[in-house]
Peer 1: 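First the structure, then my questions, so here it is.
Within every chain, numbering begins at 1; the chains are lettered A, B, ... in the order of the sequence lines, protein sequences first and strands thereafter.
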Amino acid sequence: MSAGAKSRVNDFVIRVANVNGTGSASANSLLMKTIFRMGVPVTGKNFFPSNIQGLPTWYEIRVTKDAYLARSGDVDVMVAMNAQTYEKDLNRVTPGGVLIYDSTWPRDRMLSRSDITILGIPLARMCNEHFSNARARILMKNMAYVGALAALLDLDMDVIRNLVEETFAAKAKLVPANMEAIELGANYAREHYDCPLAMRVEKLDKTAGHIMIDGNTAAGLGCVYAGATVGAWYPITPSTSVMDGFKGFCERLRVDKETGERDYCIIQAEDELAAIGIVLGATWNGARAFTPTSGPGISLMSEFLGFGYFAELPAVVFDVQRVGPSTGMPTRTQQADILAAAYASHGDTRHVLLFPSEPKECFELAVTAFDLADRLQTPVIVLLDLDIGMNDWMCEELTWDDAYRIDRGKVLDAKALESVENFYRYLDSDGDGIPYRTYPGVHPKGAYFVRGSGHNEYGKYTEESSEYRDLVERLNRKFATAAKLVPKPVIQRSKHKTDTAIVSVGSSDYAVREAIDRLAATGVHLNYMRIKAFPFSDEVAAFLHEHDRVFVAEQNRDAQLKSLLTLETDYPKERMQSILHYGGLPMHSRSVIEGIEQLAARGEAA
Amino acid sequence: MSAGAKSRVNDFVIRVANVNGTGSASANSLLMKTIFRMGVPVTGKNFFPSNIQGLPTWYEIRVTKDAYLARSGDVDVMVAMNAQTYEKDLNRVTPGGVLIYDSTWPRDRMLSRSDITILGIPLARMCNEHFSNARARILMKNMAYVGALAALLDLDMDVIRNLVEETFAAKAKLVPANMEAIELGANYAREHYDCPLAMRVEKLDKTAGHIMIDGNTAAGLGCVYAGATVGAWYPITPSTSVMDGFKGFCERLRVDKETGERDYCIIQAEDELAAIGIVLGATWNGARAFTPTSGPGISLMSEFLGFGYFAELPAVVFDVQRVGPSTGMPTRTQQADILAAAYASHGDTRHVLLFPSEPKECFELAVTAFDLADRLQTPVIVLLDLDIGMNDWMCEELTWDDAYRIDRGKVLDAKALESVENFYRYLDSDGDGIPYRTYPGVHPKGAYFVRGSGHNEYGKYTEESSEYRDLVERLNRKFATAAKLVPKPVIQRSKHKTDTAIVSVGSSDYAVREAIDRLAATGVHLNYMRIKAFPFSDEVAAFLHEHDRVFVAEQNRDAQLKSLLTLETDYPKERMQSILHYGGLPMHSRSVIEGIEQLAARGEAA
Amino acid sequence: MTYIAKPKILHGGLERNALGLTIRDYEGGMSTLCAGCGHDSVTAAIVQAIFELDIPPHRVAKMSGIGCSSKTPAYFLSASHGFNSVHGRMPSVATGAAAANCGLYLLGVSGDGDSLSIGIGQFAHAVRRNLDMCYIIENNGVYGLTKGQFSASADVGSKAKKGEVNQQPPIDAVQLAMTLGGTFVARSFSGDKDQLVPLIKAAIKHEGFALVDVLSPCVTFNDHEDSTKSYAYTRQFFHRAMHLDYVPPAEEIKAAYDEGEVMPVQLHDGSRILLRKISEDYNVNNRGAAIDYIRAHQRKGEIVTGLLYIDESEPDMHGLNRTTLTPLSEIPYERLCPGSETLSKLQKRYR
Amino acid sequence: MTYIAKPKILHGGLERNALGLTIRDYEGGMSTLCAGCGHDSVTAAIVQAIFELDIPPHRVAKMSGIGCSSKTPAYFLSASHGFNSVHGRMPSVATGAAAANCGLYLLGVSGDGDSLSIGIGQFAHAVRRNLDMCYIIENNGVYGLTKGQFSASADVGSKAKKGEVNQQPPIDAVQLAMTLGGTFVARSFSGDKDQLVPLIKAAIKHEGFALVDVLSPCVTFNDHEDSTKSYAYTRQFFHRAMHLDYVPPAEEIKAAYDEGEVMPVQLHDGSRILLRKISEDYNVNNRGAAIDYIRAHQRKGEIVTGLLYIDESEPDMHGLNRTTLTPLSEIPYERLCPGSETLSKLQKRYR
Ligand SMILES: Cc1ncc(C[n+]2csc(CCOP(=O)(O)OP(=O)(O)O)c2C)c(N)n1
Ligand SMILES: Cc1ncc(C[n+]2csc(CCOP(=O)(O)OP(=O)(O)O)c2C)c(N)n1
Ligand code: SF4
Ligand code: SF4
Ligand SMILES: [Mg+2]
Ligand SMILES: [Mg+2]
């Protein structure tokens with residue numbers, strides 16, 4: 001084996017091509033979890049179609065000793081289980097890579113490549129011979145390729161067994177069959193090919209203290225810890241699992257053992273307009289409430305979001321972004337709702353945004369979102385995307401500080417109301433643009449009238465220009481306060497002095513970080529800022545001004561983050577350049593590197 | 001009379017304060033129309049409440065020999081008919097002005113001013129003595145103040161009589177009563193005060209070839225001339241009269257005398273989501289269709305607007321802007337839907353916008369909107385505002401070129417389809433980003449599938465990154481084509497060389513033009529550009545680049561036009577400064593002048 | 001008038017209820033509606049009803065959408081919380097409000113445009129959830145606030161002020177609610193305060209979604225001849241299916257009735273509705289029969305009013321969701337947050 | 001099977017219809033739905049019906065929203081125009097399409113989620129307008145495409161795959177349409193092609209809004225035990241109120257029936273629906289009776305199928321609007337533009 005090849009230990013990408021609805025999901029996560037438990041950092045990306053059964057689906061697992069959790073852009077080991085896409089999958093393999101196919105059926109001689117290794121394994125035949133039940137034969141084929149990979153990649157069989165036992169803890173009788181299938185694949189591989197391959201997995205200790213979880217589940221858990229009690233939603237991919245997560249945790253943690261009574265109320269709304277309406281009604285009435293949705297939902301919620309901004313009601317919205325415009329590609333990822341969310345609704349409206357970059361932040365920023373919404377009395381939109389939301393990411397274990405107390409903001413309770421002369425809902429008594437609110441029914445003095453029409457600081461209806469101006473100018477002051485309260489950007493400075501920086505947001509983070517490292521190796525040094533929230537805290541503009549040139553990397557066509565920076569900071573727009581990745585599959589480090597190299601080249605030219 | 005006073009002939013502002021639902025509207029338009037027919041340029045602004053009866057309402061008439069049709073900011077003659085607002089109205093009068101009140105009831109001695117002339121006229125008493133019927137007494141009070149003003153301002157009684165006769169052509173028996181009321185007021189004024197006042201009207205010949213009309217009616221008429229056959233809407237102030245206009249003209253011009261059959265179909269939808277859906281269904285099926293709405297409607301339409309952009313369907317939307325956010329002030333004016341309209345919907349979406357500045361342009365741009373929508377196969381949003389839409393403006397007579405032929409864009413008819421091998425809906429065969437379309441039912445070869453989900457250039461469903469990228473990049477090419485096709489900005493250059501310019505849009509036009517003239521008189525010279533459309537044609541950036549400093553005057557809080565210029569041109573944002581007027585009453589020249597003077601001052605300082 | 005003993009007059013003028021409050025304490029801001037608007041009479045009935053129910057004003061949440069009707073919450077109960085939402089979307093806001101705090105009385109006021117056009121979807125699903133609220137539709141057959149366009153409740157043949165004649169079949173909120181499983185369905189007339197006040201009381205006390213569709217003429221845009229929603233027309237054709245009284249819990253029934261003449265309906269809190277002079281062919285507990293009865297009279301051009309259907313047995317939204325009896329908004333955070341230990345346990349499956 | 005003479009087999013295999021087209025010409029792309037999905041059977045029935053109606057494919061416009069059901073227009077009539085709109089908003093798009101061109105056959109396919117949750121408002125108003133279209137709801141009680149949440153048509157007590165039991169009362173599209181004045185209301189079952197094909201034919205020929213609510217099981221998320229929308233359950237409890245056949249215009253009725261056994265219903269174009277073995281207590285022209293009948297069987301746990309109500313007398317949307325018979329999209333511009341002279345005359349009143 002060449003030295004080059006050697007260096008591929010714990011550093012390569014597996015892609016499994018399959019058909020959806022054939023139960024490959026569990027096989028793939030078994031594969032990934034095994035590597036994770038062997039202490040080797042790993043990440044998995046699921047590329048699935050927008051239907052339920054029978055269409056091509058791919059699962060990509062990156063084994064990355066350096067914990068580069070983005071896609072690399074390569075495919076080193078392809079498991080081609082789908083005849084339909086065989087040719088495409090074959091061509092996708094990076095030179096020097098390996099392709100494994102089901103040799104039960106002879107493959108088209110025309111379809112071959114000399115620059116990769118092609119290994120046939122008669123998965124279907126072995127399973128058909130070994131298993132009688134039809135459904136089992138289909139499912140076990142997947143376990144069989146796990147076995148084959150176990151042998152070829154030198155995976156730890158005990159780890160696999162433990163995982164299989166955990167997975168089928170409920171139906172233990174399924175364990176043997178699954179293990180047999182795995183053995184079938186493993187044995188065949190060992191007998192016919194010299195295992196392991198150059199690309200293989202060696203135990204490390206780099207995953208301790210970490211978990212593998214998807215961002216939607218983590219966000220749902222965050223809502224539980226934030227004390228949210230009302231969740232309203234209308235199902236939409238890829239946001240559905242946020243509510244599934246919340247529901248699951250609530251059923252475990254919020255149901256009275258005796259009475260079966262629930263400390264939460266989840267309402268499946270008739271549509272997104274109703275979902276956000278329910279949230280606003282609930283927060284007005286003193287509960288913490290949220291709704292998860294996706295692009296089309298944001299469009300439908302925009303009238304109500306403007307109401308929330310103008311009438312000053314808290315609300316937490318999770319927008320798990322998918323490919324737009326319109327219905328777009330519901331099972332593909334993008335970061336293209338940034339502007340729609342920031343300025344949702346007609347009139348002079350603006351909203352507070354949070355941008356988690358991985359599951360742990362989904363958990364943490366979920367909590368932050370509720371605090372900010374209550375403190376600022378305005379909707380807060382948490383922008384995830386399909387990649388963060390639905391893929392399993394390796395991240396640090398979630399932690400909780402029991403000393404933490406939630407911030408319900410400026411709320412006058414019965415006692416406080418007792419002591420005040422009069423209560424005026426929209427009076428800016430503290431100069432921070434944030435008035436005091438009350439919960440209905442708490443105290444006679446607390447009564448006020450919420451409306452989306454013109455109102456003055458006493459909460460009375462008005463059509464007076466001056467009172468209207470006072471109101472919207474105070475809302476601006478409040479937004480300035482928001483800029484002070486939101487999470488600051490994450491800044492990473494190069495060891496070398498540099499006048500060039502790169503900025504990104506959300507799930508683009510890992511791809512950018514890897515690109516920065518690799519470029520550094522080539523002598524290109526970049527400082528880095530990841531935006532975590534809008535409105536931008538002072539640090540954002542300050543960082544930009546430190547640099548003559550700033551690359552903005554994001555996953556949309558229209559440079560939406562760059563647009564927001566252009567509008568909402570005083571940094572000259574001429575000095576910002578875009579690196580855009582918007583095909584719907586998660587951004588990989590190579591696209592960032594190539595983007596920067598091209599721009600740099602042009603830069604020199606200019 | 002002082003020389004100063006003399007100079008007020010044909011140059012002053014009347015404001016009538018009244019209670020809505022008391023029939024003052026007809027009296028005020030009689031007043032305005034009289035001045036108009038006397039050949040003196042005039043403009044009227046109605047400030048009415050968001051209810052039906054019993055609240056304060058004001059009507060402002062500017063008599064302006066120089067045809068400055070914006071508000072001046074002054075009130076020279078106040079007719080205080082509303083006791084409720086008397087104090088406010090009294091204080092609103094510009095020093096040197098006149099206040100007329102109903103002296104039937106003694107007015108509060110405390111409420112007086114030495115710097116204005118106060119004239120009492122016992123309007124109610126006279127009418128009560130003269131008329132028996134209760135309703136008549138109320139209505140005639142209004143005619144009586146018209147009479148008083150006729151005497152005080154030296155209005156032409158014959159013109160008034162003719163107008164009264166035209167107004168009551170249908171119910172001629174009402175003419176005498178109205179004329180009597182007018183005489184009552186006139187005689188009383190003549191007997192008790194020396195008429196006319198310094199501020200008076202003298203016949204001119206400056207209104208020939210002009211009409212007085214509101215923008216909504218003109219837009220509705222434009223839809224008729226554009227050949228629109230389907231109109232869908234959900235009522236909302238201030239856009240309702242667009243459809244009322246269209247309906248009225250269609251009833252006169254599009255109904256078959258014999259059969260009563262209609263060459264149009266107006267559908268009052270159940271809400272705005274349905275209204276835009278109906279429009280998209282109709283244009284897809286070959287008709288020209290439109291919907292008028294206002295802010296909240298734009299928010300509700302945003303999902304469908306994104307669909308229209310992505311599936312490439314024509315649609316014409318009139319957004320008659322009112323004060324936002326949310327319900328805001330429905331009977332006040334603003335230009336605050338610019339960003340919401342330009343980027344309506346989630347994902348990378350953008351829309352073609354048109355900005356008429358007065359009724360004649362509403363008529364013309366309505367036609368342009370349909371041509372562009374068909375040519376570009378995308379929604380076109382025409383942004384009016386309450387001021388243009390609902391107030392009567394003096395403008396040039398509408399003209400029509402019978403040689404004009406509408407542009408239905410790239411449509412393959414049965415003959416064309418007969419001759420083609422295959423028809424592919426989304427193929428960019430001309431390189432301008434605009435594909436060919438067909439109408440359903442025309443020819444078997446024309447069949448295709450419209451969807452808001454991913455599709456390739458052949459119109460087939462896809463989830464392929466490369467095909468998706470091709471699609472959205474072509475949409476960008478199409479938008480570039482749009483920039484070439486939309487109306488160019490209106491540019492006015494100062495006779496003096498200057499490096500400073502001002503930019504405005506829509507109904508801000510007249511206020512800015514007047515400000516430019518008055519500033520020129522003080523030695524401040526400005527070039528001027530009025531934006532007529534988005535995307536911006538090359539002339540927009542070119543004009544900006546001619547200047548070191550650009551003021552952007554608009555009627556919203558968040559500088560939305562400036563934001564659009566910042567994002568969509570390469571002109572340095574640092575060189576643009578905002579002049580914002582957003583209280584809900586139409587922008588007046590003084591606010592522009594003061595704005596520029598302040599910025600200029602700061603500018604020097606800096 | 002009702003059969004229950006009226007609160008006694010205290011010395012020194014105004015009548016006081018059990019809370020010692022006078023009717024003034026239940027009034028609101030000055031109405032800005034047109035003089036004679038039916039909606040103002042409904043406002044008066046609401047004030048009367050809640051005053052007589054002895055409910056502390058601040059325990060009532062007033063919900064509405066957009067329209068002249070939806071403005072009225074500003075004209076009653078100034079001491080209550082009010083929520084004037086966006087057009088047609090009040091039901092969802094009320095749903096959230098109910099979810100957050102099951103302890104408040106939710107009183108919704110909407111219009112026929114607000115509820116049957118833009119809002120019909122939310123209306124339908126609030127009925128389906130049996131949301132615990134009193135939902136009043138002030139029904140005038142037009143969009144008043146936007147100056148008189150036909151609404152979805154306009155009858156076929158009814159003429160608009162400008163002369164246009166409506167051709168489309170009306171949507172009847174009452175039959176719609178029946179079909180959707182509504183548990184309290186009533187219709188009344190703004191001009192029939194005797195019936196309206198006890199109906200509103202019962203609607204407020206009903207545990208579940210209580211619809212009161214009130215014919216409430218628009219004097220400015222729909223009170224002319226050939227309008228089927230004018231005062232004159234409604235007065236002529238409305239048909240009381242019954243007289244009714246509301247009897248608070250505790251209170252025993254004073255008056256003596258002959259057998260069969262009265263039909264008492266028991267509400268959750270022990271209060272009762274007494275249906276009197278009810279036409280024998282009418283069964284207020286039978287959905288199908290009620291629909292037939294209404295349709296039959298409809299064919300005769302009659303508008304049946306009264307409590308048309310009631311079912312106290314169905315669970316409301318909280319029942320369906322098994323939420324705790326403590327208002328969610330009042331559960332202390334400590335009870336809601338599982339804490340760090342649980343968090344680390346929870347993560348086992350993700351390791 | 002139907003009683004009308006089948007098109008004769010031509011030499012050289014496939015049956016051809018009056019247009020000389022074979023059934024292949026009415027098929028669509030390969031279905032990407034789950035194997036066994038009820039929707040695929042409905043697709044087959046649609047293909048059959050339109051083939052037998054001799055309608056040129058390109059004269060049909062396929063309309064849908066979003067969902068597995070709404071995907072099906074891609075799987076039939078590839079030679080027709082298709083419009084896959086946004087979720088729940090197909091009725092408005094169809095309304096516009098109908099307004100623009102009254103000459104096309106509009107065929108809408110939706111789901112219970114698409115039509116009864118997010119889309120219920122547009123659905124209700126399309127019914128009210130009596131929009132001339134065939135509107136098929138492929139009803140499976142769940143949101144298939146988003147993986148099996150309950151839809152608004154889920155029955156009380158029905159169990160989800162994950163075990164959750166639905167508590168909320170279902171919204172029945174059939175009763176809803178009846179209440180809203182629907183002029184053609186039918187229900188069927190994806191597994192009952194004999195009934196479904198003639199029903200779809202009649203629905204397409206009906207001049208006005210024709211609802212066909214088709215129980216169409218979701219094998220992946222709602223075909224298990226304790227689901228009331230499973231194949232097994234539906235097969236067991238669906239109750240044919242009648243057998244029916246569709247007889248095209250011209251065609252005279254071949255078979256002889258005994259008096260009373262058959263009830264013919266005449267459609268606008270002269271074609272007829274023959275209702276046979278109709279239970280004597282059923283009257284297809286009586287709205288109230290139909291509702292009763294359905295409810296009665298519902299109480300017995302039975303799902304009545306067939307043509308439940310029809311009224312050919314009501315005008316459709318174009319009738320209501322008095323639009324010209326020429327499709328608006330085909331009126332030449334010259335006829336629509338009043339020209340310069342009129343323009344100057346028009347302006348008199350503004351001078
Ligand atoms: C989204 C939206 N669309 C339209 C409007 C305009 N609008 C205000 S009230 C109203 C109709 C009110 O009718 P109804 O509910 O019957 O109330 P009424 O005035 O008749 O009492 C409409 C269409 C709005 N405010 N918001
Ligand atoms: C605005 C919007 N919200 C949510 C969704 C997600 N979504 C797609 S299909 C669907 C429900 C489909 O259910 P149904 O209409 O019954 O169709 P089925 O799949 O059951 O045939 C939902 C909620 C969407 N596409 N758009
Ligand atoms: S317009 Fe009609 S509904 Fe509105 S306030 Fe006046 S009378 Fe009442
Ligand atoms: S998920 Fe259900 S509805 Fe969707 S295709 Fe599969 S079986 Fe049919
Ligand atoms: Mg109304
Ligand atoms: Mg379904």
Peer 1: Quick one: what part of D:Thr32 sits under 4.5 Å from any heavy atom of chain A, side chain, backbone, both or neither?
Peer 2: both
Peer 1: Against chain A, label D:Phe221 side chain, backbone, both or neither, depending on which of its atoms sit under 4.5 Å from a heavy atom there.
Peer 2: side chain
Peer 1: Please round to the nearest 0.5 Å and tell me the distance separating atom CG of A:Leu55 and atom CG of D:Leu33.
Peer 2: 9.5 Å
Peer 1: Check for a donor-acceptor pair, side chain of D:Gln149 on one end and backbone N or O of A:Pro235 on the other, with a separation under 3.5 Å.
Peer 2: no
Peer 1: Quick check on D:Ile66 against chain A: is it the side chain, the backbone, both or neither that has a heavy atom closer than 4.5 Å?
Peer 2: side chain
Peer 1: How many angstroms lie between OG1 in D:Thr220 and CD in A:Gln53, if you round to the nearest 0.5 Å?
Peer 2: 5.5 Å
Peer 1: With the side chain counted from C-beta on, respond yes when A:Thr327 and D:His87 share a heavy-atom pair under 4.5 Å apart, and no when they do not.
Peer 2: no
Peer 1: Which heavy atom in D:Gly144 sits nearest to a heavy atom in A:Ile52, and how many Å separate them?
Peer 2: O-CD1, 3.8 Å
Peer 1: Report the distance from atom OG of A:Ser50 to atom NZ of D:Lys71, rounding to the nearest 0.5 Å.
Peer 2: 4.5 Å
Peer 1: Just verifying a value: how many Å separate D:Leu145 CG and A:Thr237 OG1, rounded to the nearest 0.5 Å?
Peer 2: 6.5 Å
